[in-house]
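All remarks here apply to the structure that follows.
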There are 2 protein chains.
Amino acid sequence: MTHKNLTIKEIAQRSGVSISTVSRVLNNSPSVSNEKREKIQAVIHENDYQPSMVARSMVSKRTHTLAIIAPDINNPYFTDLISEIELIANQSNYSILLFNTMSAGNRKVETKDSIEISVFKSILEKQVDGIFILGGDIDKEDLSESYLTALNHLNSIIPVVVIGQYQNGVNCHFIDRNLKYGVTLITQHLLSLGYRDIGFIGGEPKIKITTERVKAFKEILSLYSSVNEETIILNDYYAKDGYQAIKLLIEKNILPKALVAMNDQVALGAFRALNDYHLSCPEDIAIVSCDAFPDADFQTPRITNVNQHNHDLAQVALTTLLFYLDTTEILPENMSQHLPELVIRESCGSKNIGGLKL
Amino acid sequence: MTHKNLTIKEIAQRSGVSISTVSRVLNNSPSVSNEKREKIQAVIHENDYQPSMVARSMVSKRTHTLAIIAPDINNPYFTDLISEIELIANQSNYSILLFNTMSAGNRKVETKDSIEISVFKSILEKQVDGIFILGGDIDKEDLSESYLTALNHLNSIIPVVVIGQYQNGVNCHFIDRNLKYGVTLITQHLLSLGYRDIGFIGGEPKIKITTERVKAFKEILSLYSSVNEETIILNDYYAKDGYQAIKLLIEKNILPKALVAMNDQVALGAFRALNDYHLSCPEDIAIVSCDAFPDADFQTPRITNVNQHNHDLAQVALTTLLFYLDTTEILPENMSQHLPELVIRESCGSKNIGGLKL
DNA sequence: CTGTTAGCGCCTTCAA
DNA sequence: TTGAAGGCGCTAACAG
């Protein structure tokens, strides 16, 4: 910390011009003589001068920073999304301010007042240009009044894009994941393979992601077979939950012939539990997952799952947010997202391993 | 975007006082009459007023923001560290600006000029108070001259803490991971179980993490047995690399009786490859890992590995950075980090499953 | 094409 | 205990 960054004033002095001229070359204004421009650029380079974003923000009211609020960055679903958003944001010259609220995951923190509400305050202070909410409180079936108020207030000052299911009474922009299509696709796959006795495991109850998926699961299943509520085990989104679910089903002696798992981690936990009971997937039971995580192709068995195309999600979310940064109008057209895609591997017991895509 | 945040000036007007008085209550200055203080606080609450961090930063030269530069946030090692740092940083009222350089991982970007150097520029603009570098270019055996210059320049303006191995010629503060101890521990474990024919898989060549671990591995192995260079396969840090390594060893017909994998993901890929060749771990070959990732306990087999106590790392890194934020002196005492810890599970073939910790 | 001036929102002297 | 004034580094009119 010996050096300090120079100011525009010092660059002006060393270049023998006024600060406005320096400011002009900084902002690529055409109305600067080549001679002075070159001189100034030289001085800028010599001194490794970087204009202060803080001062610029002061004037422009833009920080070129986007906030991401995520409940658990140890969950691959969120990191996938974050790294995707970050990549595209950087290309548009935005930086990412990350808020990991820990409202999910191993280190889940329980407080009477939601952490997210306090995060909203920090974000307001920081004056980011826009905000992504990737999950957390917003996914709850019953939103608290205080959360709703805080979120709407936030959104009235800074545009918020939520990647998740639409919530009544929330004024943010929502990017829908089309959960229904994905579950339907994969359940149908099991049905087509001949399975009729199908259960569902994983996912926190009272959370929209869970309820929507379970609802769609029941809908499609009931068309061809019957739903057995006992084999629907909702707990949480992690490997431990898949493990626990299988344990429960086996202990109650109601293990079905096939299971839809909330995501790959739940499926992983399920595999492990089966192994502990000397059962195996897919021989004894087929297990598929609604949400693809990395390494699905390296598990044993390789996991048949749904690719929700998070890459698209991130793209759409960013485009949407960037749009609302500049205007309060309605986004003209819905951007195209790829539909969730069934990826058939081994865990479903299908013989069509590899290649086959629906 | 109907509302806008009020300014201190408006709060002053609505409270019937001057802006300096408002500023005083904002900063908990004692010299304000209770009457005015209460009036002002009421107005602040009514209007959900949040002072502008940007304006404050303009004056204080502090943004209360820390940057994290990581090469691949899809890698659990980095997310672990990030979420840990974020948690502690938040408690000290710092926000995290995340830079995912993508210099590692599936989407690895190759450019002649390092992305990190351009990230350094963004960071300089943003005027963060301090910087963490979690990996990436800094881990290379041969640092480019341009990178070195850029990093040292950065560090001369903003304090940088690197979580990684010390590099000659770099002026940042380093937090060492004690890689040697971990590998030694786990190799010794294999040796104690009676294995003599032990290989090493995973890890990018020419990267310090790799070279240090391989070096330590060879050192301890050569004390009890002999090193076979052919069974040391260095490629990268992911599941695909474990897979590829096993494939190679089998095809060359030199699969050893035991392997040390760079991390759990490499081990996972190795398991998968073994299965494809109708071999299994630990029956046919023992595989252990140097770096624990989440879910090690849910893999089949459960992975015997080393817990590098990343929690500690984050803690020490943050404390160090916070210290150097305020002073240029030398940190008085080395903070204690837990030593890497051997966690015995199933993949080593040990009968002492569970419980046993060294 | 160039320089002067007036803020952006806040903190910090300095007087009162 | 309070208010007025100046300045943080930069941009954006406005004159020249």
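Side-chain atoms are counted along with the backbone in the values below, which use heavy atoms only and exclude waters and symmetry mates. Just so we're on the same page: letters track the sequence lines, and every chain starts at 1.
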Identify which nucleotide among D:dG3, C:dT2, C:dC8 has an atom closest to any side-chain atom of B:Thr21, counting heavy atoms from C-beta outward. D:dG3

Taking only N and O in the side chain of [X], is any of them less than 4.0 Å away from OP1 or OP2 of [N]?
| X | N | result |
| --- | --- | --- |
| A:Lys36 | C:dC1 | no |
| B:Ser18 | D:dG3 | yes |
| B:Lys9 | C:dC8 | no |
| B:Lys61 | C:dC11 | no |
| A:Thr7 | D:dG9 | no |
| B:Tyr49 | C:dG9 | no |

Does A:Ser31 reach a base, just sugar-phosphate, or nothing at all? Heavy atoms under 4.0 Å. base

Tell me: [atom1] of [X] to [atom2] of [N], nearest whole Å?
| X | N | atom1 | atom2 | result |
| --- | --- | --- | --- | --- |
| B:Arg62 | C:dC10 | CZ | C1' | 17 Å |
| B:Arg37 | D:dT1 | CZ | P | 9 Å |
| A:Gln127 | C:dC8 | CD | C1' | 10 Å |
| A:Glu10 | D:dC10 | CD | C1' | 14 Å |
| B:Asn28 | C:dC11 | CG | P | 11 Å |
| B:Leu6 | C:dC10 | CG | P | 9 Å |
| B:Gln50 | C:dG9 | CD | C1' | 14 Å |
| B:Met53 | C:dC8 | CE | C1' | 16 Å |

Residues in side-chain hydrogen bond (donor to acceptor under 3.5 Å, both in side chains) with B:Asp80, at least two apart? none

[X] side chain vs [Y] backbone, donor-acceptor pair below 3.5 Å:
| X | Y | answer |
| --- | --- | --- |
| A:Asp129 | A:His64 | yes |
| A:Ser15 | A:Val17 | no |
| A:Lys126 | B:Thr63 | yes |

Can you classify the ring geometry of B:Phe174 versus B:Tyr166 as parallel (below 30°), tilted (30 to 60°) or perpendicular (above 60°)? perpendicular

Does the gap between the ring centers of B:Phe99 and B:Phe120 come in under 6.0 Å? no

Between B:Met58 and B:Val32, just flag the one whose closest nucleotide in DNA chain D comes earlier from the 5' side. B:Val32

Kindly check if the number of other-residue, nucleotide or ligand heavy atoms within 6.0 Å of CD (B:Gln91) is above 12? yes

Base contacts versus sugar-phosphate-only contacts with protein, heavy atoms under 4.0 Å: please encode nucleotides 11-16 of chain D as B, S and - from 5' to 3'. BBB---

